[in-house]
Colleague: 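After the structure tokens below, expect a handful of questions from me.
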Amino acid sequence: MAPNDRPQNLFAVIHDRVLAALDALIAEGLLPAAIDRSRVLVEPPRDAAHGDMATNAAMVLAKDAGRKPRELAEALAGRLRADPLVAAADIAGPGFINLTLRPQAWTQALREAIEAGGDYGRARQGAGETVNIEYVSANPTGPMHVGHCRGAVFGDALANLLAFAGCDVTREYYINDAGAQVDVLARSAYLRYREALGEDIGAIPEGLYPGDYLKPVGAALAKEHGARLKAKPESEWLPLVRAKAIAMMMEAIRADLVALNVRHDVFFSERSLVEEGDAVGKTIAWLRERGEVYEGRLPPPKGAPVEDWEDREQTLFRATDFGDDVDRPLLKSDGSYTYFASDIAYHKSKFDRGFRNLIDVWGADHGGYIKRMQAAVKAVTGGKAALDVKIVQLVKLLRGGEPVKMSKRAGEFVTLREVVDEVGRDAVRFMMLFRKNDAVLDFDLARVIEQSRDNAVFYVQYGHARAHSIFRMAREQFPDLPPGNAARAALVASAPLEWLDDPAELALVRRIALYPRLIEAAAAAHEPHRIAFYLYELASEFHAQWTRGKDLPHLRFIIQNDRELTLARMALVQGVMTVLASGLAILGVSAPEEMR
RNA sequence: GCGCCGGUAGCUCAGCUGGAUAGAGCACCAGACUUCGAAUCUGGGGGUCAGGGGUUCGAAUCCCUUCCGGCGCGCCA
């Protein structure tokens with residue numbers, strides 16, 4: 001294996017060794033040639049007493065081999081003991097093989113982490129995969145509120161994670177600028193326009209957007225057009241006003257996203273699908289040619305009665321051919337496209353642009369929409385693209401345990417910007433990711449700015465700052481220790497790591513060695529929250545080891561008059577720092593060097 | 001009525017796509033600062049993994065079912 005091709009994931013290395021050992025057993029005739037390798041796992045055991053890694057190979061393969069698990073385990077363990085990385089291979093329980101690695105295997109992993117620096121954990125699993133991830137996609141009818149925040153942060157972190165895992169990632173925002181809502185926006189803005197011209201518009205009528213945020217749009221329109229629009233019929237002013245309002249809303253939304261450090265590569269206009277070459281109509285025709293569109297009737301929906309239900313023939317997509325529960329309409333009664341119709345065309349566009357892995361991030365209220373969209377993607381890509389829809393649950397905004405009151409009706413809601421301004425970008429981002437995406441999230445404005453262990457953001461960042469602090473202090477003892485990250489890393493990478501022999505130190509080394517495996521698993525599952533929890537655990541172990549040095553001075557990171565031991569421990573600190581910084585970067589959270 | 005998501009310690013939540021004796025934090029109790037940052041740490045009690053059945057070497061995890069909560073159920077997006 002070429003040195004620069006060495007996989008950083010030690011678990012993957014051992015996994016390969018186990019598979020090789022199985023091949024050897026096949027050659028000996030102990031195992032049949034046709035075995036299911038996919039179920040063979042190499043994992044960290046829950047209990048450290050069980051060694052460094054465990055494999056279930058013997059249990060999983062026992063049936064195929066026609067042998068008892070423990071008998072097979074005995075043969076396999078015998079093979080593995082010959083491996084230079086393996087110090088011991090014990091059989092336990094129903095047939096686990098517990099592996100203890102030689103200490104050099106772990107210290108070598110630490111060395112690699114330090115040498116790789118910011119590239120440590122970067123994976124190749126996604127090599128060649130093109131991923132399109134669509135997130136936020138808030139309607140351009142107003143500023144972003146806290147509800148949008150979670151999807152924005154989640155999508156952004158997932159995109160970072162996939163890119164780190166080697167995927168070619170495109171971040172996309174779908175602008176819903178075609179439906180009836182943006183016409184309502186235009187009418188609301190027109191009212192503000194008249195207001196800007198000095199007219200008394202009174203109360204905003206029911207059905208229009210009442211928020212003050214449209215006043216600048218009205219003012220801009222007045223400045224641009226003077227009173228000219230007042231004389232025109234709606235059919236003439238509406239497109240003008242609509243375009244202006246959408247442009248200004250998108251500008252505000254982009255600014256909000258920047259405040260959150262969320263950036264997209266592509267802003268895709270729904271309207272462009274209709275106006276530029278009628279992509280929606282073409283997609284429907286395309287599906288019709290393939291027999292997936294027909295004229296028919298739908299049964300009325302069960303449950304909550306629809307007041308104006310009218311049984312009529314309509315244009316339907318055969319979603320049931322692709323796993324949906326019912327066929328779905330493509331045209332409204334007035335002949336215009338349904339949102340679903342343009343969404344099909346939109347997803348076809350993603351496929352046509354070369355993407356084979358599609359990810360959509362939606363709010364929980366769109367959960368019922370997943371099946372039909374996946375059906376549509378199947379139809380429109382011939383099954384050649386996969387769509388994963390990630391649902392982000394709602395955020396309950398609290399302050400000191402009490403719910404923050406919001407009145408959507410009156411146009412009073414807490415905006416994303418207000419929250420970011422109050423608690424900071426890092427706190428918002430980390431807390432939004434410190435929970436599974438499909439679980440409801442309590443976000444307490446008072447708690448996330450506390451500087452204590454309660455506050456995971458702070459706790460993890462403090463771990464990183466503390467690592468830097470240790471280096472600052474170490475330089476006072478050993479002035480030749482270079483200050484820069486790269487130079488320092490070069491020095492500590494050659495440190496005598498065999499001096500790291502305290503169990504807690506070795507546990508930290510193992511935790512660091514786990515990072516590449518974590519990246520792979522989190523990327524495969526599309527679950528960035530795993531990074532946040534891992535960082536919290538790593539920080540926790542690091543803080544604990546630091547404090548242990550108070551009672552047990554020989555365990556301090558800096559040992560006066562023992563340059564070699566100090567260097568070895570600096571390597572450990574450097575490893576912790578490297579991984580904390582890397583993980584925080586994926587989450588889009590800053591890694592401060594000091595927090596005083 | 002149907003579909004999706006959830007139900008794990010008093011509270012808030014993890015649990016690495018089926019692994020070994022289910023873990024953190026908060027709260028509660030008892031401790032550690034002349035010391036590399038106490039913005040930290042150590043120890044303790046606390047569980048019918050909502051209930052029941054099944055699949056198998058092995059289930060919080062997969063399947064069935066019941067209960068509870070949230071969301072959704074042409075012509076909104």
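A, B, ... follow the sequence lines: proteins, then strands. Residue 1 opens every chain.
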Colleague: Mind checking A:Q477 for me? I need base, sugar-phosphate or nothing, with any heavy atom below 4.0 Å counting as a touch.
Modeller: nothing
Colleague: Select from A:T547 and A:M53 the residue whose nearest nucleotide in RNA chain B is closer to the 5' end of that strand.
Modeller: A:M53
Colleague: Quick one: side chain to side chain donor-acceptor pair (under 3.5 Å) partners of A:D327, sequence neighbours excluded?
Modeller: A:Y294, A:T320
Colleague: Atom CG of A:D64 and atom C1' of B:C57: how far apart are they, to the nearest Å?
Modeller: 14 Å
Colleague: Would you mind telling me which of B:A38, B:G3, B:G19 lies closest to the side-chain atoms of A:V60?
Modeller: B:G19
Colleague: Should B:C71 form a Watson-Crick or G-U wobble pair with both distances under 3.5 Å, which nucleotide is its partner?
Modeller: B:G3
Colleague: Side chain of A:R39, heavy atoms from C-beta onward: which of B:U42, B:C57, B:C76 has the nearest atom to it?
Modeller: B:C57
Colleague: Name the nucleic acid region contacted by A:I391, choosing base, sugar-phosphate or nothing; use a 4.0 angstrom heavy-atom cut-off, strictly under.
Modeller: nothing
Colleague: Atom CE of A:M59 and atom P of B:G19: how far apart are they, to the nearest Å?
Modeller: 10 Å
Colleague: To the nearest Å, how far apart are A:E541 CD and B:A24 C1'?
Modeller: 12 Å
Colleague: State which of B:U21, B:G37, B:G19 makes the closest approach to the side chain of A:D47.
Modeller: B:U21
Colleague: Mind listing the side-chain donor-acceptor pairs of residues 434-449 of chain A below 3.5 Å, one per line with the distance, residues two or more places apart or on another chain?
Modeller:
unit_1, atom_1, unit_2, atom_2, d
A:N437, ND2, A:I391, O, 2.9
A:D444, OD1, A:G400, N, 2.8
A:D444, OD1, A:A446, N, 2.9
A:D444, OD1, A:R447, N, 3.4
A:D444, OD2, A:G400, N, 3.4
A:D444, OD2, A:G401, N, 2.8

Colleague: Please measure how far the P atom in B:A59 lies from the corresponding atom in B:A77, and state the result in whole Å.
Modeller: 49 Å
Colleague: Can you tell me the base-pairing partner of B:A32? Count Watson-Crick or G-U wobble geometry only, both distances below 3.5 Å, and say none if there is no partner.
Modeller: B:U40
Colleague: How long is the line joining CZ of A:R466 and P of B:U40, in whole Å?
Modeller: 8 Å
Colleague: Ignoring hydrogens and geometry beyond distance, is a side-chain donor-acceptor pair present between A:Q181 and A:T141 at under 3.5 Å?
Modeller: no
Colleague: Over how many whole Å does the gap from A:K68 atom NZ to B:G58 atom C1' extend?
Modeller: 18 Å
Colleague: Would you kindly give the CG-to-P distance between A:D343 and B:G74, to the nearest whole Å?
Modeller: 17 Å
Colleague: With respect to the side chain of A:A544, which nucleotide from B:U42, B:C36, B:C57 is positioned closest?
Modeller: B:U42
Colleague: Identify whether any heavy atom of A:P69 sits under 4.0 Å from a base atom; if not, whether one sits that close to sugar-phosphate; answer base, sugar-phosphate or nothing.
Modeller: nothing
Colleague: Sequence neighbours excluded, which residues qualify as side-chain contact (heavy atoms from CB on, under 4.5 Å) partners of A:D325?
Modeller: A:K371
Colleague: Among residues at least two apart in sequence or on other chains, which ones pass side-chain contact (heavy atoms from CB on, under 4.5 Å) with A:D551?
Modeller: none
Colleague: Mind checking A:Y369 for me? I need base, sugar-phosphate or nothing, with any heavy atom below 4.0 Å counting as a touch.
Modeller: base
Colleague: Using the P atom in both, what is the distance from B:G7 to B:G54, to the nearest Å?
Modeller: 24 Å
Colleague: For the base of B:C16, is there a side-chain donor-acceptor partner from A:R517 under 3.5 Å away?
Modeller: yes
Colleague: To the nearest Å, how far apart are A:Y462 OH and B:G25 P?
Modeller: 17 Å
Colleague: With rounding to the closest Å, how many angstrom separate the C1' atoms on B:C73 and B:C57?
Modeller: 44 Å
Colleague: For the aromatic rings, using the six-membered ring if either is Trp, is the centroid distance between A:H529 and A:F154 under 6.0 Å?
Modeller: no
Colleague: Nearest to the side chain of A:I558, which nucleotide is it out of B:C36, B:C5, B:G19?
Modeller: B:C36
Colleague: Does A:K550 have a side-chain nitrogen or oxygen under 4.0 Å from the phosphate oxygens OP1 or OP2 of B:C41?
Modeller: no
Colleague: Determine the interatomic distance between C1' on B:U56 and the same-named atom on B:G19; round to the nearest Å.
Modeller: 12 Å
Colleague: Taking side chain to side chain donor-acceptor pair (under 3.5 Å) as the definition, give me every residue that meets it alongside A:R37, ordered by chain and number, with sequence neighbours left out.
Modeller: A:D23
Colleague: Between B:A77, B:G37, B:C75, which one does the side chain of A:Y339 approach most closely?
Modeller: B:A77
Colleague: Looking at A:F471, does the NZ or CZ of A:R488 lie under 6.0 angstrom from its six-membered ring centre and within 45 degrees of the ring axis?
Modeller: yes
Colleague: Which residues within residues 172-179 of chain A lie with some heavy atom under 4.0 Å of an atom in RNA chain B?
Modeller: A:N176, A:G179
Colleague: Measure from the side chain of A:M473, starting at C-beta and using heavy atoms only, and say which of B:G25, B:U40, B:C36 lies closest.
Modeller: B:C36
Colleague: Are A:F317 and A:F340 side-chain neighbours, meaning at least one heavy-atom pair lies under 4.5 Å?
Modeller: yes
Colleague: Could you go through nucleotides 7-15 of chain B and list every protein N or O atom that sits under 3.5 Å from one of its N or O atoms, giving the distance for each pair?
Modeller:
unit_1, atom_1, unit_2, atom_2, d
B:U12, O2', A:R435, NH1, 3.3
B:C13, OP1, A:V440, O, 3.3
B:C13, O5', A:R435, NH1, 2.7
B:A14, OP1, A:K436, N, 2.9
B:G15, OP1, A:H529, NE2, 2.9

Colleague: Between B:G45 and B:C2, how far apart are the two P atoms, rounded to whole Å?
Modeller: 46 Å
Colleague: Suppose you measure atom P in B:U42 against the same atom in B:U61; what distance do you get, rounded to whole Å?
Modeller: 32 Å
Colleague: RNA chain B: A:H366 or A:A54, which has the more 5' nearest nucleotide?
Modeller: A:A54
Colleague: Under 4.0 Å, counting only non-hydrogen atoms across every strand here, what does A:E310 touch: a base, just sugar-phosphate, or nothing?
Modeller: base
Colleague: Can the ring centres of A:Y536 and A:Y459 be said to be less than 6.0 Å apart?
Modeller: yes
Colleague: Using the side-chain contact (heavy atoms from CB on, under 4.5 Å) criterion, which residues pair with A:A88? Sequence neighbours excluded.
Modeller: A:D90, A:T100
Colleague: My understanding is that a pair needs two contacts under 3.5 Å, Watson-Crick or G-U wobble. By that rule, which nucleotide pairs with B:U12?
Modeller: B:A24
Colleague: Could you please name the option among B:A77, B:U40, B:C75 that lies closest to any side-chain atom of A:F458?
Modeller: B:U40
Colleague: Rounded to whole angstrom, note down the P distance from B:A9 over to B:G23.
Modeller: 14 Å
Colleague: Applying a 4.0 Å non-hydrogen cut-off, can you work out what A:N98 is touching in the nucleic acid: base, sugar-phosphate, or nothing?
Modeller: base
Colleague: Please determine, for the side chain of A:K332, which listed nucleotide (B:C16, B:G37, B:C75) has the closest atom?
Modeller: B:C75
Colleague: A:M373 has an atom CE; how far is it from atom C1' of B:A77, in whole Å?
Modeller: 13 Å
Colleague: For B:C4 versus B:G44, give the span between their P atoms, rounded off to a whole number of Å.
Modeller: 44 Å
Colleague: Checking all strands, does A:A62 fall into the base, sugar-phosphate, or nothing category for heavy-atom contacts under 4.0 angstrom?
Modeller: nothing
Colleague: What pairs with A:A465 under side-chain contact (heavy atoms from CB on, under 4.5 Å), at least two apart in sequence or on another chain?
Modeller: A:M595
Colleague: Is the Lys NZ or Arg CZ of A:R517 less than 6.0 Å from the centre of A:F11's six-membered ring, within 45° of the axis?
Modeller: yes
